Visitor: 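Input: one structure, supplied below.
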There are 2 protein chains.
Amino acid sequence: MDKALLEASFKHYFDRMGYDIDWQYFTQSMQIQPIRKGEFLFQQGEKVDRLYFLHTGQVRYVSVSETGKEYTQSFAKSPRIIGSTRATIKGTKALFGIQALEDCMIISYPWHSFFNEMRQDKGFLECYCHFMEQIFILKEEKESSFVKDSAEKRYLDFCVDYPELKDKIPQQQIASYLSITPVALSRIRQRLKRI
Amino acid sequence: MDKALLEASFKHYFDRMGYDIDWQYFTQSMQIQPIRKGEFLFQQGEKVDRLYFLHTGQVRYVSVSETGKEYTQSFAKSPRIIGSTRATIKGTKALFGIQALEDCMIISYPWHSFFNEMRQDKGFLECYCHFMEQIFILKEEKESSFVKDSAEKRYLDFCVDYPELKDKIPQQQIASYLSITPVALSRIRQRLKRI
DNA sequence: AGAAGAAATTAACCCAGGTTAATTTTGAGA
DNA sequence: TCTCAAAATTAACCTGGGTTAATTTCTTCT
């Protein structure tokens, strides 16, 4: 695996946002980990203390309730930072796991030493704020659709938002993203077909 | 209205988080606005370009769907920064309005000039990141309860989280926070009473 | 290609919450 | 204190999605 290439990709991801980051701290402690389709980067309940960067591939964020039902919170496509902001920051266990939807290449850095060094860097802080803002906006938009739209509308939106996933991942996972059962999704699809 | 006092309160809010902020930029352009119970700080659809600090009082974030149904996204209690992160950052219209649940005292600064000056300040950026993290964590927790819990459970959680609001605000607003109708909430309350 | 397990569909039944509307309670202003 | 409008309750009925279970595809492995 070409370490230099991955690192360059990670830096490029920040650079293209137009922030001026001092990368001198970035030389060591990077870790490369390929994960295969279906495998988990980390499981719900694990402690997460690394910053993950999804170099290639797609993943989903999935949480499981006490009664064993799984819920897909969101999907993420490379190149992107992934992970549990909440768990990493608070140093607590993750409320969800991250599962690969296809073979992925992921690089990571130990969060705390990374952040402690990078917080010296104004460019990084701005970039980090910007990143938080982006995921926050996404959450706000998802919340609003959740309350206002029917499951059918949400399914149609999903098809528009993730055309590449629509026929690629199991319907169970789509259903769990819409927060309905596979049975209900099947009914909705049939209803739509008849029109 | 004691301007110096309000400004001190605002600074204290940041200072107590332990960040070292250079306040030299803060001298002018502060605006004080009292709003009375029931009034809106801003309405959904308005452009928001100020940073608001709720000095005293309580507010709710409320959005209205095309079909005229209102949904209370969350409540906020002073002292706190309030506003639409999304709208302020993107410079777009707010997806929700902010309404006073009681008489409030609010101070504000023009966001863009504020942020442009403050981004020079590492202490501020860290503080801002921290703030984003906090509201993000809250959103993540609310999302998870939404999917996993029944309306009854969510009502009971509400009573624990906001004991001071439970008997103070109209039930319609509580219902809209739980994302059910007032009728459904009434039924839930009755069901609980019978036990 | 065949077997076995997983995923998806279909059907039957149930229930929480929505809808509408009538009735009672609450509360703010004269 | 009385009045009138808004808020809350209650009742009757409806519907979308949950649940369970039987049946039919898809996959994948040998």
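All heavy atoms count here, side chains included; hydrogens, waters and symmetry mates do not. These numbers were taken from a predicted model, which means no experiment stands behind them. Just so it is clear: chains get the letters A, B, ... in the order the sequence lines come, proteins before strands, and each one is counted from 1.
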Visitor: Listed by chain and number, what are the side-chain hydrogen bond (donor to acceptor under 3.5 Å, both in side chains) partners of S78(A), not counting sequence neighbours?
Guide: none

Visitor: When you measure from every atom of DNA chain D, which of residues 162-177 of chain B have a heavy atom less than 4.0 Å away?
Guide: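 Heavy-atom cutoff 4.0 Å gives P170(B), Q171(B), Q172(B).
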
Visitor: Listing request: all salt bridge (Lys or Arg N to Asp or Glu O under 4.0 Å) pairs with a residue in residues 52-64 of chain B, at least two apart in sequence or in separate chains.
Guide: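 Listed by first then second residue: R60(B)-E70(B).
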
Visitor: Please write out each protein N/O paired with an N/O of nucleotides 14-17 of chain C under 3.5 Å, distance rounded to 0.1 Å.
Guide:
unit_1	atom_1	unit_2	atom_2	d
dG17(C)	OP1	A151(B)	N	3.2

Visitor: Once you round it to whole Å, what is the distance between C1' of dA7(C) and CG of L185(A)?
Guide: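 Those two atoms, CG and C1', are 12 Å apart.
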
Visitor: Give the ring-plane orientation class for W111(A) versus F114(A), where under 30° counts as parallel, over 60° as perpendicular and anything between as tilted.
Guide: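 Aromatic pair W111(A)/F114(A) classed tilted.
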
Visitor: What residues form a side-chain hydrogen bond (donor to acceptor under 3.5 Å, both in side chains) with E46(A), not counting sequence neighbours?
Guide: none

Visitor: According to the interplanar angle, ranging from 0 to 90°, do the rings of Y162(B) and F75(B) count as parallel (below 30°), tilted (30 to 60°) or perpendicular (above 60°)?
Guide: perpendicular

Visitor: Mind checking who shares a hydrophobic cluster with F146(B), ILVMFWY linked at side-chain heavy-atom distances under 4.5 Å?
Guide: Y71(A), F146(A), V147(A), Y71(B), V147(B)

Visitor: OP1 or OP2 of dT19(D) sitting under 4.0 Å from any side-chain N/O of K69(A)?
Guide: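 Checking dT19(D) against K69(A), a side-chain N or O does come within under 4.0 Å of OP1 or OP2.
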
Visitor: Using whole Å, what does the distance between atom P of nucleotide dG18(C) and atom OH of Y71(B) come to?
Guide: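 The answer, rounded to whole Å, is 13 Å.
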
Visitor: Working to the nearest 0.5 Å, report the span between OG1 of T72(A) and CD1 of I169(A).
Guide: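 Taking OG1 in T72(A) and CD1 in I169(A), the distance rounds to 7.0 Å.
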
Visitor: Got more than 12 heavy atoms from elsewhere within 6.0 Å of NZ, K142(B)?
Guide: yes

Visitor: If you apply the rule side-chain hydrogen bond (donor to acceptor under 3.5 Å, both in side chains), what do you find for R154(B) with Y177(B), and how did you get there?
Guide: CA-CA 9 Å; R154(B) 280 172 5 241; Y177(B) 175 71; over 6 Å; no

Visitor: What nucleotide among dT9(D), dT10(C), dT9(C) has an atom nearest to a side-chain atom of S186(B)?
Guide: dT9(D)

Visitor: Sequence neighbours left out, what passes side chain to side chain contact (heavy atoms under 4.5 Å, CB included) with P79(B)? Give chain and number order.
Guide: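 Expected list: Y13(B), F53(B).
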
Visitor: Please list, chain by chain and in numerical order, all residues satisfying side chain to side chain contact (heavy atoms under 4.5 Å, CB included) with D103(B), sequence neighbours excluded.
Guide: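 Only R36(B), K37(B) meet the side chain to side chain contact (heavy atoms under 4.5 Å, CB included) criterion with D103(B).
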
Visitor: Please name all residues satisfying side-chain hydrogen bond (donor to acceptor under 3.5 Å, both in side chains) with K93(B), sequence neighbours left out, ordered by chain then number.
Guide: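 Partners of K93(B) under the side-chain hydrogen bond (donor to acceptor under 3.5 Å, both in side chains) test: none.
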
Visitor: Strictly under 3.5 Å: I want the nitrogen or oxygen pairs between protein and nucleotides 20-30 of chain D, one per line.
Guide:
none

Visitor: Listed by chain and number, what are the side chain to side chain contact (heavy atoms under 4.5 Å, CB included) partners of T181(B), not counting sequence neighbours?
Guide: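 Once residues adjacent in sequence are excluded, the partners of T181(B) under the side chain to side chain contact (heavy atoms under 4.5 Å, CB included) criterion are V183(B), A184(B).
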
Visitor: Angle between the end axes of the helix from dA1(C)-dT30(D) to dA30(C)-dT1(D), five pairs per end, to the nearest 10 degrees?
Guide: 50°

Visitor: Can you tell me if Q190(B) touches the phosphate of dT9(D), counting only side-chain N or O atoms and a distance under 4.0 Å to OP1 or OP2?
Guide: no

